[in-house]
Amino acid sequence: MPELPEVETVVRGLRASLPGRTILDVRLGKTDFIDDPAALGEHLPGARIAGVTRIGKFISIELESRAADGPRQIPTLMIHLGMTGRLRTCDPNDPIAPHTHSFFGLDDGQELRYTDIRRFGRILLVPASGMSEFQGQLGPEPLEISREDFCGKFHSREARIKAMLLDQRVIRGVGNIYADESLFRARIHPARIARSLTRAQLIALHSALREVLTAAIRLRGSSVSNYVDSNGKKGEFQQRHRVYQREGKPCTRCKTPIRRIIVAGRSSHFCPKCQAAPRNSGKRKAARQR
DNA sequence: CTTACGGCCTGGGTGC
DNA sequence: TGCACCCAGGCCGTAA
């Protein structure tokens with residue numbers, strides 16, 4: 001699943017070919033994952049790609065009108081890959097992969113294609129006037145937030161730490177893989193209530209998150225469920241996973257079998273020995289059953 | 001207000 | 001060979 005490191009890898013790949021290109025035409029297949037399909041055909045043809053950046057898990061393709069068109073506001077093309085989305089440029093004559101639903105013809109003869117098996121992704125246009133609201137719905141970038149601000153986000157919250165890491169309004173870009181991996185490295189159980197964590201633990205989590213994300217970007221992301229970057233290349237960070245999808249396998253630190261439980265409605269992988277369970281989790285469970 | 005939880009979208013993989 | 005079932009991430013409605 002594309003999370004921050006995978007999206008960053010895709011963005012870096014696209015940055016090599018897209019900026020400066022002009023979009024000539026738009027062809028759409030299924031459109032149920034596009035906020036306003038008609039708007040794409042309205043705004044994109046003739047627009048030049050000014051830059052490609054990442055905003056959390058979104059790929060942001062900034063557009064500008066060509067000089068001949070005169071000044072005209074062009075919205076930003078925002079693409080979220082969901083679980084199975086792929087975005088890549090290719091030759092228009094290349095065979096069309098199954099579940100390819102959007103085609104953007106470019107002025108260098110290449111074609112930008114969006115493929116998404118499950119269509120959990122999303123494509124939308126954000127006008128310049130809506131960018132601050134769009135950004136405002138997301139928390140800070142985990143690689144940019146300071147240690148102090150990070151601790152401040154969690155120290156008074158009653159929610160589970162895993163749920164908060166996944167909440168894009170708290171921190172943007174983190175998904176299930178990097179939440180589990182950073183919690184393991186910080187030795188924090190995913191079901192711990194954020195408020196109950198010590199300052200030292202929050203600092204450790206901040207560092208672990210930075211280290212995991214940085215290492216994953218360096219290895220071009222994690223390839224699970226067929227993720228590939230904009231060049232069709234697989235990432236390598238999945239080989240460094242210590243808990244994610246390693247249920248039953250020995251902890252790399254203490255050999256205890258890794259466990260999987262559901263926290264915040266998500267599979268959560270952890271070492272029951274290295275990541276101590278919340279103090280009264282047993283009592284709570286018993287009370288609920290009664 | 002905050003948090004928890006279930007359901008929904010879709011289709012590949014699994015197991016019978 | 002078919003087919004029921006599980007699961008994934010984000011989002012939304014509802015309940016406490």
Side-chain angles (χ1 to χ4, degrees), chain A residues 1-8 10 29-37 54-59 78-87 97-102 114-124 126 133-139 142 152-183 189-197 216 221-228 234-235 238 241 243-248 259-269 278 280-281 284-285 287-290:
Chain A
M1 305 111 242
E3 302 179 22
L4 188 154
E6 292 77 29
V7 178
E8 179 66 27
V10 171
K30 291 188 178 175
T31 58
D32 55 355
F33 59 96
I34 302 176
D35 282 27
D36 184 354
R54 179 185 59 73
I55 301 177
K57 299 183 198 173
F58 284 89
I59 296 163
M78 212 66 82
I79 299 175
H80 194 297
L81 301 176
M83 290 177 59
T84 53
R86 291 187 192 184
L87 190 63
H99 309 290
T100 300
H101 304 298
S102 310
Y114 180 73
T115 305
D116 191 347
I117 297 172
R118 307 253 159 99
R119 303 205 300 285
F120 281 15
R122 188 178 169 201
I123 295 181
L124 69 157
V126 180
E133 191 200 342
F134 181 86
Q135 296 255 15
Q137 291 167 349
L138 299 169
K153 291 232 168 238
F154 296 92
H155 86 279
S156 64
R157 294 283 300 270
E158 200 62 40
R160 290 175 174 147
I161 188 67
K162 171 75 182 268
M164 289 197 68
L165 287 175
L166 295 179
D167 188 339
Q168 301 298 297
R169 296 167 299 184
V170 177
I171 295 282
R172 64 192 188 204
V174 179
N176 215 26
I177 297 173
Y178 300 102
D180 282 3
E181 291 298 321
S182 54
L183 286 169
H189 189 286
R192 289 287 301 274
I193 300 299
R195 189 170 59 87
S196 79
L197 297 172
S222 302
S223 279
V224 298
S225 78
N226 299 324
Y227 158 79
V228 289
K234 286 188 172 189
Q238 67 279 7
H241 291 177
V243 288
Y244 187 76
Q245 287 192 344
R246 291 194 67 242
E247 183 181 15
R259 286 196 56 200
R260 181 175 75 96
I261 59 172
I262 302 297
V263 178
R266 293 282 171 262
S267 274
S268 300
H269 311 75
N280 48 16
S281 66
R284 234 181 253 161
K285 216 179 278 172
R288 215 178 296 142
Q289 278 168 2
R290 231 182 301 129

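Below, chain A is the first sequence line, B the second, and so on; all start at residue 1. For the numbers below, each heavy atom of this structure counts, side chains included, while hydrogens, waters and symmetry mates do not.
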Residue pair A:Lys30/A:Ala163 against DNA chain B: nearer the 5' end by closest nucleotide is A:Ala163
Whole Å only: how far is the CZ atom of A:Arg172 from the C1' atom of C:dC11? 19 Å
Between A:Asp167 and A:Arg169, does any side-chain N to carboxylate O distance fall below 4.0 Å? yes
Write down the protein N/O and nucleotide N/O pairs, taken from nucleotides 5-10 of chain C, whose separation is under 3.5 Å; answer none if there are no such pairs.
| residue | atom | partner | partner atom | Å |
| --- | --- | --- | --- | --- |
| C:dA8 | OP1 | A:Ser267 | OG | 2.6 |
| C:dG9 | N7 | A:Arg266 | NH2 | 3.3 |
| C:dG10 | OP1 | A:Lys57 | NZ | 2.1 |
| C:dG10 | OP2 | A:Lys57 | NZ | 3.2 |
| C:dG10 | N7 | A:Arg266 | NH2 | 2.5 |

For the pair made of CE in A:Met164 and P in B:dA4, what is the distance, rounded to whole Å? 10 Å
Run the side-chain contact (heavy atoms from CB on, under 4.5 Å) test on A:Ser267 and A:Ile262 for me, step by step, so that the C-alpha distance in whole Å, both residues' side-chain angles and the decisive distance to 0.1 Å come before the verdict. CA-CA 5 Å; A:Ser267 274; A:Ile262 302 297; 4.1 Å; yes
When rounded to whole Å, the NE2 to C1' distance for the pair A:His101 and B:dT10 reads 10 Å
Minimum heavy-atom distance A:Glu8-A:Arg54, with the two atoms named: OE1-NE, 2.7 Å
Quick check: closest heavy atoms across A:Ala191 and A:Arg160, and the distance to 0.1 Å? O-CG, 3.5 Å
In this structure, how many angstroms lie between the C1' atom of C:dA16 and the CD atom of A:Glu158, rounded? 14 Å
Output yes when at least one side-chain N/O atom of A:His99 is less than 4.0 Å from OP1 or OP2 of B:dG12, else no. yes
At under 4.0 Å, does any side-chain N or O of A:Arg157 touch on OP1 or OP2 of B:dC1? no
Could you tell me how far apart A:Ile117 (CD1) and B:dC9 (P) are, to the nearest whole angstrom? 19 Å
Please test A:Leu197 against A:Phe154 for side-chain contact (heavy atoms from CB on, under 4.5 Å), starting from the C-alpha separation and ending with a verdict. CA-CA 8 Å; A:Leu197 297 172; A:Phe154 296 92; 5.9 Å; no
Testing the 3.5 Å rule here: is there a donor-acceptor pair between the side chains of A:Arg118 and A:Thr84? no
In whole angstrom, what separates A:Arg86's CZ from B:dT10's C1'? 16 Å
